[in-house]
Amino acid sequence: MAEVSLRNVSKVFSGNVVAVNNVSLGVENKEFMVLLGPSGCGKSTTLRIIAGLEDATSGDVFIGNKMVNELPPKDRDIAMVFQSYALYPHMNVYNNMAFGLKLRKYPKSEIDKRVNEAAGILGLGKLLNRKPQALSGGQRQRVAVGRAIVRKPLAFLFDEPLSNLDAKMRVQMRTEINRLHIRLQSTMIYVTHDQTEAMTLGDRIVVMNDGAIQQIDTPTVIYDKPVNKFVAGFIGSPPMNFVEGRIVKKDSKFFFIEPGGRVKVKVVDEMMPKLESYVNKEITFGIRSEDIYDKLFASEAAPENTVTLACEVVEPTGSEVFLYLSTGKRTIIAKVGGHDNPPLNQDMSLVFDMSKVHFFDKDTGQAII
């Protein structure tokens with residue numbers, strides 16, 4: 001069994017700095033769990049508490065149904081992969097991977113078996129005699145992962161392992177880690193600030209901010225149904241567009257209006273009951289860039305969902321184009337097809353898909369819809 005759970009875990013550093021604030025979560029056996037958040041949100045500290053590299057100020061940590069609060073890292077039966085690789089420069093690949101097993105007095109035959117098996121999984125078979133300085137960044141990271149694999153631990157912990165790699169190598173290593181999880185069927189906990197890594201790797205994602213958990217769910221649910229404005233704005237590239245305004249009721253219909261701006265759209269009937277108490281109150285409207293369409297290419301263009309905005313910047317990326325549009329008070333980003341030809345520095349008619357918008361309480365940031 002390789003469940004990992006934290007129960008009411010907090011970490012307070014000197015100066016009363018709260019790094020982790022009453023975090024409770026459970027990682028299931030064989031699950032790939034990603035801790036995601038901005039720098040300083042407490043995700044790496046949480047991982048280090050699981051590993052035993054930091055002591056929790058309060059709360060309990062369980063690995064495999066066993067409380068490990070008092071156990072040193074070497075006795076927790078976990079393996080950690082660091083951002084910095086942490087390879088011994090004077091040792092070749094084989095000895096770097098075998099080092100932990102040698103310390104634990106494993107027989108040489110067992111060490112050979114495990115190292116060669118891990119090398120085969122990671123494509124390192126021809127590199128076992130090389131030293132780290134003769135390896136690329138991606139190869140060094142695979143050696144660090146291989147050193148963890150040979151341990152056959154209850155759980156793998158990854159602390160931003162791809163941060164030092166270039167963009168192309170990050171994509172390749174991300175795929176390799178995904179394949180590794182499928183092959184090993186092991187419990188993995190992965191820390192990152194990169195939402196693409198989180199969305200593509202995680203069975204579930206833990207979004208953190210200011211030391212606290214904001215939301216735990218599958219990537220799809222977190223993207224489609226964020227629980228608050230922070231999660232909505234942190235997940236997605238480009239981030240969700242936010243517009244401040246009011247809900248106005250007219251002729252039994254609800255409209256969202258940006259005061260002094262150009263955004264005025266009709267709320268779909270299904271959302272009206274949840275917005276009843278917000279009529280004539282300030283509220284935050286959210287819509288993702290892919291849910292804004294050029295009217296020329298929209299299959300449906302209801303007048304009450306059509307907004308005219310000035311196109312200030314066009315960013316072609318090949319398969320798609322990002323439009324930076326001005327409401328007069330703020331900028332909204334829309335994502336359109338790569339072969340569209342948007343008019344720069346001219347007004348455009350755009351359609352908002354109102355079935356996919358979000359509304360947030362302006363004061364608390366909590367999601368209303």
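Values below: all heavy atoms of this structure, side chains included; hydrogens, waters and symmetry mates excluded. The structure displayed is predicted, hence computed values, not measured ones.
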Start with the C-alpha gap between R262 and E258, add the side-chain angles, then the distance that decides, and say whether salt bridge (Lys or Arg N to Asp or Glu O under 4.0 Å) holds.
CA-CA 7 Å; R262 297 186 177 187; E258 179 193 23; over 6 Å; no
Flag the pair I283 / L275 as yes when at least one side-chain heavy-atom distance between them is below 4.5 Å, and no otherwise.
yes
N95 CG to L101 CG distance, which is reported to the nearest 0.5 Å
11.5 Å
Keeping R288 on the side-chain end and Y223 on the backbone end, is there a donor-acceptor pair under 3.5 Å?
yes
Mind jotting down which residue pairs meet the ring pair (Phe, Tyr, Trp, His ring centres under 6.0 Å) criterion with at least one end in residues 116-155? Sequence neighbours excluded, please.
none
Is it the case that the side chain of T284 and the backbone of K362 share a donor-acceptor pair, with hydrogens and angles ignored and the cut-off at 3.5 Å?
no
Decide yes or no for V313 and E315: does some side-chain heavy atom of the first lie under 4.5 Å from some side-chain heavy atom of the second?
yes
Using the salt bridge (charged side-chain N to carboxylate O under 4.0 Å, His left out) criterion, which residues pair with E312? Sequence neighbours excluded.
none
K335 and E320 have their tightest heavy-atom pair at CD-OE1, 3.3 Å
Side-chain heavy atoms of L36 within contact of F234, under 4.5 Å:
yes
All heavy atoms of K43 vs all of M208, minimum pair found to be CA-SD, 3.8 Å
To the nearest 0.5 Å, what is the distance between CD on E290 and CE on M240?
8.5 Å
On a heavy-atom basis, the closest approach of I50 and R76 is O-NH1, 2.9 Å
Tell me, please, which residues at least two apart from R130 pass salt bridge (charged side-chain N to carboxylate O under 4.0 Å, His left out).
none
Is there a side-chain contact between I121 and L184, using heavy atoms and a 4.5 Å cut-off?
yes
Set out, in order, the CA-CA distance, both residues' side-chain angles and the distance that settles side chain to side chain contact (heavy atoms under 4.5 Å, CB included) for V81 and Q141, then state yes or no.
CA-CA 8 Å; V81 179; Q141 193 57 274; 3.3 Å; yes
Is a side-chain donor or acceptor of Q195 paired with a backbone partner of G236 at a separation under 3.5 angstrom?
yes
More than 12 non-hydrogen atoms from neighbouring residues, nucleotides or ligands closer than 6.0 Å to CZ on R179, yes or no?
no
Taking all non-hydrogen atoms of both residues, which atom of P161 and which atom of V191 are closest, and how far apart?
CD-O, 4.2 Å
Could you measure the distance from the CG atom of N116 to the CG atom of L124? Nearest 0.5 Å is fine.
11.0 Å
Other residues, nucleotides and ligands only: do more than 12 of their heavy atoms fall within 6.0 Å of CD on E70?
no
Single hit among V265, V263, V243, I292 for side chain to side chain contact (heavy atoms under 4.5 Å, CB included) with I287
I292
K329 NZ: over 12 foreign heavy atoms closer than 6.0 Å:
yes
More than 12 non-hydrogen atoms from neighbouring residues, nucleotides or ligands closer than 6.0 Å to CG on D210, yes or no?
no
Taking the side chain from Q215 and the backbone from P226, do they hold a donor-acceptor pair closer than 3.5 Å?
no
In terms of heavy-atom contacts, does NZ of K102 have more than 12 from other residues, nucleotides or ligands at under 6.0 Å?
yes
Any side-chain heavy-atom pair of M354 and M271 under 4.5 Å
no
Sub-3.5 Å donor-acceptor pair from the side chain of N241 to the main-chain atoms of I333, do we have one?
yes
All heavy atoms of L162 vs all of I177, minimum pair found to be CD2-CD1, 4.1 Å
Taking every non-hydrogen atom, the tightest pair across I247 and Y278
CB-O, 3.6 Å
Any donor-acceptor pair under 3.5 Å linking the side chain of N69 with the backbone of V61?
yes
For R48 and E54, indicate whether the former's side chain and the latter's backbone hold a donor-acceptor pair under 3.5 Å.
no
Counting only N and O atoms by type, is there a donor-acceptor contact under 3.5 Å from the side chain of R170 to the main-chain atoms of L165?
yes
Stepwise salt bridge (Lys or Arg N to Asp or Glu O under 4.0 Å) test for E304 and K253
CA-CA 11 Å; E304 60 266 31; K253 296 179 181 180; 5.5 Å; no
dist L350:CG -> T306:OG1 (nearest 0.5 Å) comes out at 8.5 Å
Can you list every side chain to side chain donor-acceptor pair (under 3.5 Å) pair that touches residues 197-206, not counting sequence neighbours?
E31-R204, R174-T200, Y190-E197, T192-E197
Could you name each residue pair satisfying ring pair (Phe, Tyr, Trp, His ring centres under 6.0 Å) that touches residues 60-95, not counting sequence neighbours?
Y88-F99
Indicate yes or no: at least one non-hydrogen side-chain atom of M80 is less than 4.5 angstrom from one of L47.
yes
May I ask you to decide if N228's main-chain N or O and Q214's side chain share a donor-acceptor pair within less than 3.5 Å?
no
Please step through salt bridge (Lys or Arg N to Asp or Glu O under 4.0 Å) for the pair R183 and E117, ending with a clear verdict.
CA-CA 12 Å; R183 180 165 181 172; E117 182 181 85; over 6 Å; no
For the pair N96 (side chain) and M91 (backbone), establish whether a donor and an acceptor sit closer than 3.5 Å, ignoring hydrogens and angles.
yes
Does K264 make a cation-pi contact with F255 (under 6.0 Å, within 45 degrees of the axis)?
yes
Can the ring centroids of F285 and F242 be said to lie less than 6.0 angstrom from one another?
no
By salt bridge (charged side-chain N to carboxylate O under 4.0 Å, His left out) - contacts of R147 (at least two apart)
none
